[in-house]
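One structure is given below, encoded as structure tokens.
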Protein chains: 2
Amino acid sequence: MTSPRAAGTAPRSALTRARVLESAVTLADRDGLGALTMRSLARELGIEAMSLYHHVANKEDLLDGVVDVVAAEIQDAVGRLEALPDDAPESSWKPALRRQILAARTVLLRHPWASTVLESRKSFSLHVVRYYDSLIGLMRRGGFSYDLVHHAMHALGSRALGFSQELFEPDGATAGSAGDGSAEEGAADAATALLLQMADELPHMVEMLAEVGHQDTGSTLGWCDDQTEFEFGLDLILDGLERLAEREKP
Amino acid sequence: MTSPRAAGTAPRSALTRARVLESAVTLADRDGLGALTMRSLARELGIEAMSLYHHVANKEDLLDGVVDVVAAEIQDAVGRLEALPDDAPESSWKPALRRQILAARTVLLRHPWASTVLESRKSFSLHVVRYYDSLIGLMRRGGFSYDLVHHAMHALGSRALGFSQELFEPDGATAGSAGDGSAEEGAADAATALLLQMADELPHMVEMLAEVGHQDTGSTLGWCDDQTEFEFGLDLILDGLERLAEREKP
DNA sequence: CGAGGAGGCTTACGGTGTAAGCCTTACGAC
DNA sequence: GTCGTAAGGCTTACACCGTAAGCCTCCTCG
């Protein structure tokens, strides 16, 4: 960069905290979270591991930063949605909230490792908080009391950011793997087989699997259509909130 | 043990896989998940690290086993609940399901690290599956179609086991710490202060915090009363499921 | 009694995050 | 121009992690 730099900025290097974080995100996207080590990140950037410590305090700080990058992406995606007109009816909080959350979800689907990291943070990203603030704003416009909003945010939990931890995905989420997907399928099949094997002990479970049939997935991860299930759960909560909001009215 | 052992059991050692897993649970309870390493676990048992590998295949297997122990505890706690009488009305699925889930939760509250481990498993514990089977059974008795049951299980997600990942607990969950709790409080206060500092950027968030007032917690972890919030979210889902079940009826 | 293996132990390797310290370079003040 | 300062690289080294390989000593069973 040959441009004159702002008043107290770093002098010569093209390497900045921002570039480090960006690189970390790409690396995690490509090779999975497990592959994101200080040494491998440094290699990616063409420097030595210890040099990273001039831009991030330690690995926790790196992960904080990486979360912040993803959160910024979320905020950006949400920002692209068309704003509610000022004269929108009170009831429009619900589709609006739904849209924002699903927009956030598209971002997290691009970074499958991010949910894990998000959950492990103990400090929070300002971008996330700003996103939350917009969700709260929507509910307020819907006539929610702050008390109800507060409960609502807790009830949504991580779903507000677009993910919900599925127990039992026989593979998924762990590494990039980037394979043809037959590995996941294999694991899912193996799991199902194992369940069938003890059918007498798990009557309802087995019967359910037989009936619901986990066959035609295709869309996302192995077993079920996560997107459908995510929206099902989300709508369940939104409907419930709607009823509670109605009840609050005088 | 001086008793004659059953037909193909291990010969002399008092150390068994069961004892290893038990020890691992106690260690994690006392010192946190981070303190559970092969070496520290071995020290706890008075042996060398490598000796553990005669009882568990590797660390993943150890964690699988540890999850299984906790899941067995859950199954046990659920088993202690009084069974539904045969002539219970169809509608009793709901309080029964609620009771089972809250019973599972009491177990997980005794092992705060367990939720993290549970989520990280890719194979599943038979005890967990059996527990799930009982939940499914309850819903079936409530007249749910298998399709609805399936959606319901996804919607409940980890909540079925008694935990929901709270975004933003300023401390908690990471280590035993066993301190007076003032550390958590400090972190929570610091976080709140930081939020207040940018009140102009987060109008709704700050107003909500001011109104809801996160002051009188006392019960569980730092910020909010997790138990209340957990039950709120759980009831929101159960109510929603009840309505859908009604709608399914002819 | 002798073979075999279960279950300890020791040693060693590669990988992790990171503390400590050195060397170069660019910048701002004189 | 010169020089002090410090940003930002690099090298080395340490503690700790999971675990592969191999040794030894019993106990058990044929």
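A, B, ... follow the sequence lines: proteins, then strands. Residue 1 opens every chain.
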B/L36 CG - D/dC16 C1' separation (whole Å): 15 Å

Exercise: identify the closest heavy-atom pair between B/A160 and B/L135: CB-CD1, 3.8 Å

Between C1' of C/dG17 and CG of A/L52, the distance in whole Å: 11 Å

Charged N-O contact under 4.0 Å between A/E60 and A/R121: yes

Length of the NZ-C1' vector between B/K59 and D/dC16, whole Å: 11 Å

Nearest non-hydrogen partners of A/H154 and B/R159, listed with the distance: O-NH2, 4.4 Å

Pairwise 5' ranking along DNA chain C for B/A49 and A/A49, keeping only the more 5' one: B/A49

Residue met sooner reading DNA chain D from 5', once B/H54 and B/A57 are mapped to nucleotides: B/A57

Integer-rounded Å distance: C/dA19 C1' and A/M38 CE: 13 Å

side-chain hydrogen bond (donor to acceptor under 3.5 Å, both in side chains): pairs with one or both residues in residues 196-205 of chain B, sequence neighbours excluded: A/R130-B/E201, A/D133-B/H204

Strand contacts (DNA chain D) in residues 41-48 of chain A, 4.0 angstrom heavy-atom criterion: A/I47, A/E48

B/L62 CG - D/dG18 C1' separation (whole Å): 12 Å

Quiz item: A/R39 side-chain donor-acceptor pair to C/dG15 base, under 3.5 Å: no

Donor on one side chain, acceptor on other, A/Q100 and A/S134, under 3.5 Å: yes

Distance test, side-chain N/O of B/H55 to OP1/OP2 of C/dG8, below 4.0 Å: yes

Sugar-phosphate only, base, or nothing, as touched by B/S51 at under 4.0 Å among non-hydrogen atoms: base

A/L15 CG - C/dT25 P separation (whole Å): 18 Å

Charged tip of B/R105 within 45° of B/F163 ring normal and under 6.0 Å: no

For atom CE of A/M50 and atom C1' of D/dA7, their distance in whole Å: 15 Å

For the student: nearest non-hydrogen atoms of B/A155 and A/G233, plus distance: CB-CA, 4.0 Å

d(CD, A/E60; C1', C/dT18) in whole Å: 13 Å

